[in-house]
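Have a look at the structure below before the remarks.
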2 protein chains.
Amino acid sequence: MERHTRQRAAIRDALARAGRPLLPQEVLTAAQATAPGLGIATVYRALKAMVEEGEVRKISLPGENPRFERSDLPHHHHFQCLRCLRVFDVHNCPSDISRLVPSGFVVEDHELTLYGRCPECALSERLAVKRVQAERRQE
Amino acid sequence: MERHTRQRAAIRDALARAGRPLLPQEVLTAAQATAPGLGIATVYRALKAMVEEGEVRKISLPGENPRFERSDLPHHHHFQCLRCLRVFDVHNCPSDISRLVPSGFVVEDHELTLYGRCPECALSERLAVKRVQAERRQE
DNA sequence: TTGTATGCAAAGCGTTTGCAGTGAT
DNA sequence: ATCACTGCAAACGCTTTGCATACAA
């Protein structure tokens with residue numbers, strides 16, 4: 001049965017405060033503020049246990065090392081802005097997932113990552129285009 | 001400038017024949033049939049070069065080591081069997097991707113990974129269930 | 001002949017594990 | 001008093017790199 005320790009509390013706390021998925025190394029650094037002497041092995045063991053408990057979710061975006069976030073968030077996907085590289089949550093979900101696969105395959109779960117421009121970056125690019133057009137008119 | 005070698009030909013060939021994304025180790029095994037003595041370091045170096053050329057695509061699924069496939073394939077997604085862990089191509093695509101994000105976001109690309117049972121594993125599980133049921137009837 | 005490509009072995013790096021000691025129950 | 005948890009360091013698996021050699025060009 002699971003025990004309540006200083007270290008695990010610190011790790012939970014780090015994940016709760018972050019508000020974004022964290023790398024194991026980031027968890028270590030953040031949690032060491034509350035639990036000095038905390039080791040990386042403990043972080044890995046705690047994260048693994050929490051993932052198995054269903055308390056934490058392991059997330060990996062293509063080409064990135066796995067990150068961890070609390071799983072009490074509702075089902076969601078991620079949107080990465082290709083300009084500022086920030087990751088946003090997307091709370092909708094395609095409706096017709098299980099229709100995508102050939103017959104014989106059984107779909108049980110899915111992960112979706114969207115890429116594009118966040119509202120902020122899309123706006124600042126639109127303004128940049130207008131600026132260029134204005135310069136052209138002056139020539 | 002790039003040179004034409006037995007080893008790279010074998011690696012290209014392995015990727016072309018596979019019809020699914022391969023792990024570097026799988027590339028090695030497959031390519032050694034054509035290029036005996038081929039080493040894993042050469043596979044990694046060749047794959048890296050081909051990715052930079054744009055000839056090959058590196059795909060990484062959550063929790064999995066990166067796999068490689070030719071990038072001349074039409075747009076598609078991936079399905080991983082949770083039992084045998086093999087990865088398959090899925091040639092369909094959800095229709096309503098850009099409707100998922102709040103207004104202001106601009107979707108330019110997306111990656112989707114499905115999880116479940118491949119036909120083979122789904123079948124063998126169904127057979128296992130039948131076997132258990134038969135045993136129960138005998139008791 | 002030149003210099004990229006190769007094979008081997010060693011090094012890197014993130015992650016896991018063995019072990020003796022710690023501490024929650 | 002248990003026995004799960006911890007820290008450390010060694011081990012691990014995948015990937016990269018240093019180096020001397022092989023072989024396209």
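Naming convention: chains lettered A, B, ... in sequence-line order (proteins, then strands); numbering from 1 in each chain.
- The cluster map of Ile, Leu, Val, Met, Phe, Trp and Tyr, joined by side-chain heavy atoms under 4.5 Å apart, puts B:Val51 and B:Val27 in the same cluster.
- When rounded to the nearest whole Å, the span between CD1 of B:Ile40 and P of C:dA10 equals 17 Å.
- Using modelled atom types, one side-chain atom of B:Gln32 and one backbone atom of B:Leu38 make a donor-acceptor pair closer than 3.5 Å.
- Atom NE2 of B:His4 is surrounded by 12 or fewer heavy atoms from other residues, nucleotides or ligands within 6.0 Å.
- For the pair B:Leu47 CG and D:dT17 C1', the computed distance is 16 Å after rounding to whole Å.
- Map B:Lys48 and A:Ala41 each onto its nearest nucleotide of DNA chain D; the residue landing nearer the 5' end is A:Ala41.
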Could you walk me through whether B:Ser124 and B:Arg83 pass side chain to side chain donor-acceptor pair (under 3.5 Å), step by step?
-> CA-CA 11 Å; B:Ser124 71; B:Arg83 189 158 168 276; 3.1 Å; yes

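- Contacts between residues 30-38 of chain A and DNA chain C, defined by a heavy-atom separation under 4.0 Å, are absent.
- In plain terms, the two heavy atoms of A:Gly104 and B:Ala122 that are nearest each other are O-CB, 4.0 Å.
- A 6.0 Å sphere centred on CD of B:Glu55 holds more than 12 heavy atoms belonging to other residues, nucleotides or ligands.
- The distance between the ring centers of B:His78 and A:His110 does not fall below 6.0 angstrom.
- For B:Leu23 and D:dC14, the CG to P distance is 9 Å, given to the nearest whole Å.
- Ring geometry for A:Phe105 versus B:Phe88: interplanar angle over 60°, hence perpendicular rather than tilted (30 to 60°).
- B:Gln25 has its CD atom 15 Å from the C1' atom of D:dC12, to the nearest Å.
- Taking every heavy atom of residues 2-17 of chain B and every atom of DNA chain D, pairs under 4.0 Å involve B:Arg3, B:His4, by number.
- Taking atom CZ of residue A:Arg45 and atom C1' of nucleotide D:dC3, one finds them 15 Å apart after rounding to whole Å.
- The pair A:Glu111-A:Arg57 does not count as a salt bridge, with every side-chain nitrogen at least 4.0 angstrom from each carboxylate oxygen.
- Both A:Gly39 and B:Pro24 lie close to DNA chain D; mapped to their nearest nucleotides by heavy-atom distance, the more 5′-ward contact belongs to A:Gly39.
- Judged by atom type and distance alone, A:Arg67 does not reach the base of C:dG14 through any side-chain donor-acceptor pair under 3.5 Å.
- Side-chain proximity of B:Asn65 to the nucleotides D:dC14, C:dG7, D:dA9 is greatest for D:dC14.
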